[in-house]
Amino acid sequence: MLVRRLESITHLSDEERQAILSLPVKARVLKANQDIVRDGDKPSQCCLILDGWACRYKLIGEGKRQILSIHIAGDIPDLQSLHIHTMDHSLATLTEATLAFIPHESLHELVLRFPGIAAAFWRDTLVDAAVFREWMVGMGRRSAYERIAHLFCELYLRLEAVGLAGEHRCPLPITQVDLADALGLTNVHVNRVLKEMRGQGLVTLRSNTLVIEKWDGLIQASEFDPTYLHLTKRAA
């Protein structure tokens, strides 16, 4: 999954692919809503998502949660811990997830041996920052309807790029509460917007699956421009 993710945004040689596949990992399965690493921790390993969904988040007063980003298979959401040694946010599962933990030491050796992989990780970090900027625009300037439509477009393309979506259909195993915490909305507001989208025939939600019935309509509703995802190719 890591190879798929990196090859969606850059090129890897056969030797680089094999080096990534040879990384020593310890796999674990975590239930939904479990912390992987917490704010203030000093981790010695990074977490690669093999299956399932996770999120970065911060807690503020009275236990209110702000989801900072949503992560899918192929992502290493705590890659920054290689160089920023104290976590300034938490990382948790949104669904049951299979995770591969890679020692920092092994990743440091990998990027020293393969500058191309180091560049790929750097590009991935820059794309991550671009997604943060787009989320900031959404939180500050888009309506609730536009925020949800925009996130649906983003998630679909990210999933498609690693072979987990197609034909405008993708998994969406997260709750309305998760969507609300990611978009700065209330659960009630999210529910109202989803009903409106279904009523207009834009999307269908069933059995943890999002079906985008009118892709062009969803793009128009959110003014979605995929440039910020910097995808070099779409999945076959």
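Values in this document were obtained by computation on a predicted structure and should not be read as measured data. Any value given below was found using the heavy atoms of this structure, including those in side chains, with hydrogens, waters and symmetry copies removed.
Under the 4.5 Å side-chain contact rule for hydrophobic residues, Val3 and Leu48 share a cluster. Follow the hydrophobic side-chain contacts under 4.5 Å out from Ile84 and you never reach Phe101; the two are in separate clusters. Under a hydrophobic clustering in which Ile, Leu, Val, Met, Phe, Trp and Tyr are joined whenever their side-chain heavy atoms come within less than 4.5 Å, directly or via other members, Met1 and Ile72 fall into the same cluster. In the hydrophobic clustering of ILVMFWY residues, with side-chain heavy atoms under 4.5 Å counting as a link, Val127 and Val111 come out apart. Cluster membership for Ile49 and Ile20, using ILVMFWY side-chain heavy atoms within less than 4.5 angstrom, is not shared.
Judged purely by distance below 3.5 Å, without hydrogens or angles, the side chains of Thr204 and Glu213 pair a donor atom with an acceptor atom. No donor-acceptor contact under 3.5 angstrom links the side chains of His230 and Thr232, judged on distance only.
With hydrogens and angles ignored, the 3.5 Å screen pairs no side-chain donor or acceptor of Glu16 with any backbone N or O of Phe114. Remark: the backbone N or O of Asp88 is paired with a side-chain donor or acceptor of Lys58 at under 3.5 angstrom. Remark: side-chain polar atoms of Thr10 are not paired, donor with acceptor, to backbone N or O of Leu6 under 3.5 angstrom. Using modelled atom types, one side-chain atom of Thr209 and one backbone atom of Ser207 make a donor-acceptor pair closer than 3.5 Å. Proximity of a side-chain donor or acceptor of Ser8 to a complementary backbone N or O of Val162 within less than 3.5 Å is not detected. A distance-only check finds a donor-acceptor pair linking the side chain of Thr93 to the backbone of Asn33 [under 3.5 Å]. Without hydrogens or angle criteria, Ser106 side chain to Ile102 main chain gives no donor-acceptor distance under 3.5 Å.
With contacts defined as side-chain heavy-atom distances shorter than 4.5 Å, the pair Asp14/Arg17 qualifies. At a threshold of 4.5 Å between non-hydrogen side-chain atoms, the residues Leu94 and Ile67 count as touching. When side chains are defined from C-beta on, Thr175 does not count as touching Leu179, because their heavy atoms never get closer than 4.5 Å. Side-chain atoms of Leu229 and Val131, non-hydrogen and from C-beta on, do get closer than 4.5 Å to each other. For the pair Ser90/Val37, no side-chain contact is recorded, criterion being any heavy-atom separation below 4.5 Å from C-beta on. Side-chain contact between Glu160 and Leu164 is absent, with no heavy atoms from C-beta onward closer than 4.5 Å. Looking at Arg198 and Lys195, their side chains come closer than 4.5 Å, going by heavy atoms from C-beta outward. For the pair His71 and Cys55, the minimum side-chain heavy-atom distance is 4.5 Å or more.
Distance check: Ile212 CD1 to Phe152 CZ gives 8.0 Å after rounding to the nearest 0.5 Å. Between the CH2 atom in Trp135 and the CG atom in Leu151 there is a gap of 5.5 Å [rounded to 0.5 Å]. Atom NZ in Lys26 sits 14.5 Å away from atom SG in Cys47 (nearest 0.5 Å). Between the CG atom in Leu91 and the CD1 atom in Ile36 there is a gap of 4.0 Å [rounded to 0.5 Å]. For the atom pair CG (Leu82) and CD (Glu105), the distance works out to 12.0 Å, reported to the nearest 0.5 Å. Taking OH of Tyr228 as the reference point, atom CD of Glu154 lies at 3.5 Å (rounded to 0.5 Å).
Nearest heavy atom pair, residue Arg28 against residue Leu30, reads NH2-CD2, 3.3 Å. Across Tyr156 and Arg169, no two heavy atoms sit closer than the pair CE1-N, 3.4 Å. The heavy-atom pair separating Arg4 from Gly163 by the smallest distance is NH1-CA, 4.1 Å. The two atoms that bring Cys46 and Ile76 nearest to each other are CB-CG2, 3.9 Å, heavy atoms only. In plain terms, the two heavy atoms of Met197 and Ala149 that are nearest each other are CE-N, 3.4 Å. Taking each heavy atom of Leu172 and Leu155 in turn, the nearest pair found is CD1-CD1, 3.9 Å.
For Arg38, the side chain to side chain donor-acceptor pair (under 3.5 Å) criterion is met by Asp35, not counting sequence neighbours.
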message = Please evaluate residues Glu15 and Arg113 with respect to the criterion salt bridge (Lys or Arg N to Asp or Glu O under 4.0 Å), reporting the C-alpha separation (whole Å), side-chain torsions for both, the decisive distance (0.1 Å), and the verdict.
response = CA-CA 11 Å; Glu15 188 179 13; Arg113 287 173 53 217; 5.9 Å; no
query = So Leu202 and Tyr145, side-chain contact (heavy atoms from CB on, under 4.5 Å) or not? Walk me through it.
reply = CA-CA 12 Å; Leu202 279 182; Tyr145 191 101; 3.0 Å; yes
query = Would Ile60 and Gln66 count as a side-chain contact (heavy atoms from CB on, under 4.5 Å) if you check the C-alpha gap in whole Å, the side-chain angles of each, and the deciding distance to 0.1 Å?
reply = CA-CA 8 Å; Ile60 59 173; Gln66 177 64 52; over 6 Å; no
key: Step-by-step side-chain contact (heavy atoms from CB on, under 4.5 Å) determination, Tyr57 to Asp178   = CA-CA 11 Å; Tyr57 75 92; Asp178 296 329; over 6 Å; no
key: Test salt bridge (Lys or Arg N to Asp or Glu O under 4.0 Å) applied to Glu146 and Arg141, step by step   = CA-CA 9 Å; Glu146 291 165 342; Arg141 296 301 177 193; over 6 Å; no
inquiry  = With salt bridge (Lys or Arg N to Asp or Glu O under 4.0 Å) as the criterion, how do Asp128 and Arg56 come out once you've worked through the C-alpha distance, each side chain's angles and the decisive distance to 0.1 Å?
reply    = CA-CA 12 Å; Asp128 202 34; Arg56 295 186 184 117; 2.8 Å; yes
inquiry  = Glu134 vs His150, test: side-chain contact (heavy atoms from CB on, under 4.5 Å). Steps then yes/no.
reply    = CA-CA 10 Å; Glu134 199 66 32; His150 198 278; 3.4 Å; yes
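Residues Asp75 and Arg158 are paired through a salt bridge, judged by an N-O separation under 4.0 Å between the basic side chain and the carboxylate.
The environment of CD in Gln34 is crowded: more than 12 heavy-atom neighbours from other residues, nucleotides or ligands sit within 6.0 Å.
Ring centers of His104 and His85: at least 6.0 Å apart, outside the cut-off.
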